[in-house]
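Source: prediction; values computed, not measured. Side chains are part of it too, since the values below use all heavy atoms of this structure and drop only hydrogens, waters and symmetry mates.
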Amino acid sequence: MKPVRLGALLCVLMSACQDMEAPCEQGCTVPASGLSHVFGQGTLTHDVNPRTGWGGLKVRLSGGTAHVLETTRDEQLGSKRRLVARSLASQVLWTLEEAPGEHFSDFTVHPSGELTLGVERTGAERGGYDLVRLSPGGDVLARQPVPQPETLPAGDLGTGLPPRPFRMKSRPAHALTDGWLRTEARGEDVVVAFLSFVDEPQERPDIPPKDLVSGVMALRWLESRYAEQWTRLVDGRHRVEPVAWAYDEFRWREAPQRPLLAVSGDGAVVVGRTWNTLRCLASSDIFQAPPRMDCLIGEDVTSPMDTEHQPFAFTSFTATGEREGTHSFQPEGVAEFVVFDLAARGGELAIAGTAVRLDASGGIDYYPPFPGSDVRMAPYDGYVAVLSRGTGALRYERYVGGERADHFSALRWTDDGLLAAGATGWDRWSGGMSISRGAGPLLALVTAEGSTARMRTVPMDGSQRHFHLLGVDARDGAVVAVGLAEAPMTHAGDGGQWANMTFGGLTVELR
């Protein structure tokens with residue numbers, strides 16, 4: 001399999017890293033001066049690993065190293081993940097693969113170059129969420145379960161949860177599952193957000209549990225272990241049951257479930273998620289906000305099954321764990337809306353995803369897939385917005401799109417604006433959830449206040465398969481994004497054609 005070509009990019013990174021600040025996660029500003037120029041004048045290159053191969057889910061750049069969480073799926077639908085570190089000339093520095101019964105959920109990079117990897121032991125009935133500390137060279141420094149919280153305030157539990165509510169177990173994962181255990185660096189410490197089944201006895205052990213609960217925990221790194229600083233409940237007892245017929249190639253069906261996590265430069269923590277009626281009611285019952293009636297008839301809430309219309313909510317906490325409040329949001333005048341990533345900086349929160357706007361008459365301006373066609377396609381546009389962390393008020397928003405459908409899967413907040421990566425040029429039939437034309441990779445830079453949106457695309461023929469980006473990062477005027485190549489579309493595996501469900505890897509560089 002041809003190696004991913006990162007050498008040219010990493011040469012730039014290596015020469016710059018001598019005077020750069022320490023690597024930072026979503027919570028702080030990515031030093032990316034020159035991105036505006038790069039998006040206007042820079043060279044865009046790409047590299048493809050054909051299927052069946054490893055595709056990229058997330059990338060983080062630290063000095064001269066690119067860390068990538070990768071996934072693969074074989075012809076029997078078996079999947080595996082690995083964490084890879086690459087250096088100059090695409091040299092693989094180290095690789096850590098999942099062991100049987102493990103699921104690599106997420107990772108983060110600390111200023112020292114050490115990493116924290118979130119792992120679920122899928123066979124564990126409870127307590128299966130682990131944190132693994134890795135050296136810059138990939139050596140395991142420590143591994144331990146996420147601690148059972150000792151600082152969780154009794155008031156967070158309300159009357160409907162056991163004293164230890166988190167079972168630390170999720171639903172079965174597949175190759176593209178956006179894990180229920182999320183990690184973000186806070187200096188050498190780490191913050192984790194998690195969605196879990198409620199930990200209580202089951203009347204029928206043979207029937208999987210359904211009730212969920214979510215939390216967030218700040219942990220201090222003590223050289224050999226993680227120690228709890230504080231833990232807070234995010235959402236009380238609720239359920240999420242996304243409809244089975246929703247397509248998953250862009251992880252639409254994952255979005256209603258998994259939490260999103262960001263840490264701001266002041267140490268504040270933000271947890272985002274799709275806002276459904278049961279999550280809203282749980283918040284109302286325990287924290288008396290929002291009003292219960294808003295959860296039943298409010299516009300900024302959806303059903304536990306919906307995948308197309310997904311209003312967004314975020315809850316913020318101070319650096320010491322005080323709950324600042326929950327705010328819900330969706331753009332005005334949209335028929336569909338999904339948030340796939342977020343970032344925090346100072347008193348603001350940025351989100352990225354996709355939306356279908358309503359026209360002036362309150363309908364949807366569907367488009368034909370080709371001139372003269374009677375078939376109508378849903379007009380998705382990539383969407384980015386900045387909200388006030390304190391009030392949830394919209395600071396500014398920007399729709400980004402081409403002639404067909406677009407969306408953003410990943411977001412980074414840089415000194416030059418919001419850097420987003422996703423997919424462009426795909427078609428979704430208006431009468432269902434089926435995608436009939438594959439996607440090509442999309443990069444965009446939305447400058448301050450949303451005044452300018454610059455797009456860069458790769459001319460890849462995605463008519464029969466998808467080529468799309470799932471992760472992005474930037475350093476010193478250079479961008480690297482990772483994703484999937486030759487990925488399946490909605491009905492690729494119909495009739496047991498499992499070989500069509502495989503994919504390869506895609507790396508895009510802009511410098």
Side-chain angles (χ1 to χ4, degrees), residues 25-26 54-60 67-73 79-83 98 102-108 116-120 122 128-129 168-184 191-197 212 214-216 234-235 240-244 246-262 270-276 279 304 306-308 310 312-314 337-343 351-354 407-412 420-423 466 468-473 481-484 487-488 503:
E25 282 298 306
Q26 289 181 348
W54 292 92
L57 297 173
K58 179 177 181 176
V59 59
R60 289 292 180 261
H67 302 93
V68 185
L69 180 62
E70 297 183 334
T71 183
T72 188
R73 181 161 55 199
S79 62
K80 181 181 288 189
R81 292 188 178 184
R82 68 183 185 182
L83 184 59
E98 292 175 336
E102 289 185 338
H103 176 70
F104 286 4
S105 182
D106 193 19
F107 79 96
T108 187
T116 297
L117 173 66
V119 180
E120 180 178 3
T122 57
Y129 292 173
M168 299 301 188
K169 183 174 179 60
S170 73
R171 292 185 177 131
H174 59 74
L176 302 180
T177 297
D178 211 353
W180 288 12
L181 173 62
R182 316 302 300 169
T183 62
E184 287 293 339
V191 177
V192 296
F194 41 84
L195 180 65
S196 166
F197 291 120
L212 305 172
S214 57
V216 60
V234 177
D235 290 314
V240 184
E241 299 289 349
V243 293
Y247 50 81
D248 71 349
E249 52 262 59
F250 297 145
R251 302 198 285 190
W252 241 257
R253 197 170 180 270
E254 298 297 314
Q257 306 179 82
R258 52 90 181 102
L260 298 173
L261 175 64
V270 181
V271 182
R273 66 276 194 205
T274 294
W275 198 226
N276 71 38
R279 282 175 171 164
D306 206 337
T307 57
E308 298 176 42
Q310 298 189 41
F312 176 74
F314 68 91
F337 175 60
V338 186
V339 172
F340 290 109
D341 203 2
L342 58 78
I351 57 175
T354 190
H407 78 272
F408 293 127
S409 291
L411 178 70
R412 296 290 276 163
H466 287 304
H468 61 104
L469 299 173
L470 294 170
V472 68
D473 203 3
V482 298
L484 307 185
F503 49 78

*How far apart are the closest heavy atoms of Leu484 and Gly55, and which atoms are they?*
CD2-CA, 3.7 Å
*Apply ring pair (Phe, Tyr, Trp, His ring centres under 6.0 Å) to His407 and list each qualifying residue two or more places apart in sequence or on a separate chain.*
Phe250, Trp252, Phe340, Trp426
*Show the numbers, then the answer: is there a side chain to side chain contact (heavy atoms under 4.5 Å, CB included) between Gln257 and Arg171?*
CA-CA 10 Å; Gln257 306 179 82; Arg171 292 185 177 131; 2.7 Å; yes
*Smallest separation among heavy atoms of Pro259 and Gly179, with atom names*: CD-O, 4.4 Å
*Shortest non-hydrogen separation from Tyr129 to Ser196 and the atoms involved*: OH-CA, 4.1 Å
*Taking ring pair (Phe, Tyr, Trp, His ring centres under 6.0 Å) as the test, write out the residues that go with Phe104, two or more places apart.*
none
*asked:* If I compare all heavy atoms of Leu176 with all of Thr71, which pair ends up nearest, and what's the gap?
replied: CD2-CG2, 4.2 Å
_Can you tell me how far apart CZ (Phe107) and CG (Leu117) are? Round to the nearest 0.5 Å._
8.5 Å
*For Glu308, which residues count as a side chain to side chain donor-acceptor pair (under 3.5 Å) partner, sequence neighbours excluded?*
none
_Heavy-atom pair of closest approach, residues Ser79 and His174_ = OG-C, 3.9 Å
_Gln310 backbone acceptor or donor facing Thr274 side chain under 3.5 Å_ = no
_Residue list, side chain to side chain donor-acceptor pair (under 3.5 Å) with Arg273, at least two apart or on another chain_ = Asp235, Thr315
*Please name all residues satisfying side chain to side chain donor-acceptor pair (under 3.5 Å) with Ser170, sequence neighbours left out, ordered by chain then number.*
Glu120
*Please determine if Arg82 and Glu70 form a salt bridge, counting it only when a charged side-chain N lies under 4.0 Å from a carboxylate O.*
yes
*Looking only at heavy atoms, what is the nearest atom pair of Leu181 and Gly118, with distance?*
CD2-CA, 3.8 Å
*Partners of Asp106 by side chain to side chain contact (heavy atoms under 4.5 Å, CB included), sequence neighbours excluded?*
Lys58, Arg182, Thr183
*asked:* Keeping Glu98 on the side-chain end and Arg81 on the backbone end, is there a donor-acceptor pair under 3.5 Å?
replied: yes
*Only one of Val271, Val234, Leu212 passes side chain to side chain contact (heavy atoms under 4.5 Å, CB included) with Leu195; say which it is.*
Leu212
*Rounded distance (nearest 0.5 Å) linking atom CZ of Phe312 with atom CD1 of Ile351*: 5.5 Å
*Start with the C-alpha gap between Thr177 and Arg258, add the side-chain angles, then the distance that decides, and say whether side chain to side chain contact (heavy atoms under 4.5 Å, CB included) holds.*
CA-CA 9 Å; Thr177 297; Arg258 52 90 181 102; over 6 Å; no
